[in-house]
Amino acid sequence: MDYMFQLNTTRTVLEANYNTYITPFLHPDRTMQLHDFLYILEGSWEIALESNGKCDIYPMGQGDILIPPAGLHHYGTKPCSPNSRNMYLHTIPVSGDRISGMQENEAESSCVPLSPFTHCGGNLKISGLFTDIISVCWGNSAYKAGKMACLFNLLLYEIYEQQQKSPATLQCASFVE
């Protein structure tokens, strides 16, 4: 199931931060009214995402992203490994965000389709954008909303490009790293 994220709009990021879990921790069991972007910096975690009566389990490791969109139930199936670290973003959905296939003219829309799980190991742009968004979110710039809109749109594009890479390309990038 892909989720369509509206592009070129100002998004509100309600929370953006880092988490460190010294002892194993089970991801909360919840259905949020916000999009949840989770990036694993170190360690591992296993999280389930329910959609359309189906439950998919995502084992996550360093460099992986999970995106449970607003309104979908997700929960941990195994606690994270000791000393796990992650970054997260909680964003308010905007008009046009939706499950793929819910609009006839998707080709003409200004949305990007994203799968809930992406392996991003070795993609420094994506981890850097998470870091930049967290920094802007906590800052007090007069241009905060504009910066956030640009950074978040760039993050959506980078994740989409990462998802389009072939397994051979990803294997080469892993080897080079």
Side-chain angles (χ1 to χ4, degrees), residues 1-19 27-41 45-60 63-77 86-120 123 125-139 141 143-165:
M1 166 220 52
D2 284 349
Y3 197 84
M4 305 299 287
F5 286 91
Q6 184 69 38
L7 294 168
N8 306 320
T9 186
T10 301
R11 289 188 180 265
T12 302
V13 176
L14 287 184
E15 282 187 78
N17 217 334
Y18 297 88
N19 286 322
H27 189 281
D29 185 339
R30 61 189 176 191
T31 303
M32 298 174 63
Q33 296 311 309
L34 306 168
H35 299 310
D36 187 3
F37 286 70
L38 176 66
Y39 183 98
I40 303 295
L41 288 166
W45 222 347
E46 190 172 279
I47 300 173
L49 177 61
E50 293 180 356
S51 174
N52 300 324
K54 184 178 158 192
C55 179
D56 292 308
I57 297 174
Y58 298 97
M60 300 178 66
D64 291 340
I65 293 177
L66 186 67
I67 308 170
L72 293 185
H73 182 221
H74 63 284
Y75 53 91
T77 57
N86 68 53
M87 295 184 281
Y88 72 90
L89 313 171
H90 291 164
T91 68
I92 296 175
V94 298
S95 177
D97 289 352
R98 65 195 180 282
I99 294 173
S100 182
M102 292 183 68
Q103 181 175 323
E104 288 182 29
N105 297 325
E106 284 184 358
E108 299 173 4
S109 72
S110 58
C111 290
V112 64
L114 296 180
S115 299
F117 178 80
T118 308
H119 179 66
C120 299
N123 188 326
K125 290 180 192 174
I126 291 175
S127 62
L129 285 166
F130 266 84
T131 300
D132 290 346
I133 291 169
I134 292 168
S135 177
V136 169
C137 187
W138 283 94
S141 170
Y143 307 104
K144 184 175 182 172
K147 288 179 175 182
M148 194 68 71
C150 293
L151 289 169
F152 204 86
N153 279 316
L154 186 54
L155 176 65
L156 294 175
Y157 279 119
E158 289 294 337
I159 293 170
Y160 178 69
E161 280 187 350
Q162 183 71 18
Q163 290 181 354
Q164 301 309 303
K165 291 180 179 175

Is any side-chain heavy atom of [Y] closer than 4.5 Å to one of [X]?
{"X": "Leu72", "Y": "Glu50", "result": "no"}
{"X": "Ile57", "Y": "Glu46", "result": "yes"}
{"X": "His27", "Y": "Asp36", "result": "yes"}
{"X": "Met148", "Y": "Cys137", "result": "yes"}
{"X": "Phe5", "Y": "Leu7", "result": "no"}
{"X": "Pro68", "Y": "Arg30", "result": "no"}
{"X": "Leu114", "Y": "His35", "result": "no"}

Sub-3.5 Å donor-acceptor pair from the side chain of [X] to the main-chain atoms of [Y], do we have one?
{"X": "Asn153", "Y": "Asn8", "value": "yes"}
{"X": "Thr118", "Y": "Cys120", "value": "no"}
{"X": "Gln162", "Y": "His119", "value": "yes"}
{"X": "Trp138", "Y": "Ala16", "value": "yes"}

Least distance between heavy atoms, [X] atom then [Y] atom:
{"X": "Asp2", "Y": "Ser115", "result": "OD1-OG, 2.9 Å"}
{"X": "Ser95", "Y": "Gln6", "result": "O-CG, 3.6 Å"}
{"X": "Tyr160", "Y": "Pro113", "result": "CD1-O, 3.2 Å"}
{"X": "Ala149", "Y": "Thr10", "result": "CB-CA, 3.8 Å"}
{"X": "Cys111", "Y": "Gly96", "result": "SG-O, 3.7 Å"}

Exercise for review: Please step through side chain to side chain contact (heavy atoms under 4.5 Å, CB included) for the pair Val13 and Thr91, ending with a clear verdict.
Suggested key: CA-CA 4 Å; Val13 176; Thr91 68; 3.7 Å; yes
**Study point:** Sequence-distant partners of Asp29, side-chain contact (heavy atoms from CB on, under 4.5 Å), two or more places apart
**Key:**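 Asp29 satisfies side-chain contact (heavy atoms from CB on, under 4.5 Å) with His73, Tyr75 once adjacent residues are dropped.
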Quick one: [atom1] on [X] to [atom2] on [Y], what's the gap to the nearest 0.5 Å?
{"X": "Tyr143", "Y": "Cys150", "atom1": "OH", "atom2": "SG", "answer": "13.5 Å"}
{"X": "Asn19", "Y": "Leu41", "atom1": "CG", "atom2": "CG", "answer": "10.0 Å"}
{"X": "Leu66", "Y": "Tyr39", "atom1": "CG", "atom2": "OH", "answer": "13.5 Å"}
{"X": "Leu89", "Y": "Leu34", "atom1": "CG", "atom2": "CG", "answer": "11.5 Å"}
{"X": "Ile65", "Y": "Met60", "atom1": "CD1", "atom2": "CE", "answer": "8.0 Å"}

Would you tabulate the side-chain donor-acceptor contacts of residues 125-134 under 3.5 Å, counting partners in other chains and residues two or more places apart, or write 'none'?
| unit_1 | atom_1 | unit_2 | atom_2 | d |
| --- | --- | --- | --- | --- |
| Ser127 | OG | Leu124 | O | 3.2 |
| Thr131 | OG1 | Ser127 | O | 3.1 |

Point to revise | Residues that Glu158 engages under side-chain hydrogen bond (donor to acceptor under 3.5 Å, both in side chains), provided they are two or more places apart | key: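 Per chain and number, Glu158 pairs via side-chain hydrogen bond (donor to acceptor under 3.5 Å, both in side chains) with no residue.
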Exercise for review: Given side chain to side chain contact (heavy atoms under 4.5 Å, CB included), test Phe37 with Leu156 step by step and report yes or no.
Suggested key: CA-CA 11 Å; Phe37 286 70; Leu156 294 175; 4.0 Å; yes
Review point. Going through the checks in order, is the side chain to side chain contact (heavy atoms under 4.5 Å, CB included) test met by Asp56 and Phe117?
Key: CA-CA 10 Å; Asp56 292 308; Phe117 178 80; over 6 Å; no
Practice item. Give the intermediate values and the outcome of side chain to side chain contact (heavy atoms under 4.5 Å, CB included) for residues His74 and Leu38. Key: CA-CA 12 Å; His74 63 284; Leu38 176 66; over 6 Å; no
Exercise for review: Identify the residue among Ile99, Val112, Ile67 that makes a side-chain contact (heavy atoms from CB on, under 4.5 Å) with Tyr3.
Suggested key: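 Exactly one option meets the side-chain contact (heavy atoms from CB on, under 4.5 Å) with Tyr3, and it is Ile99.
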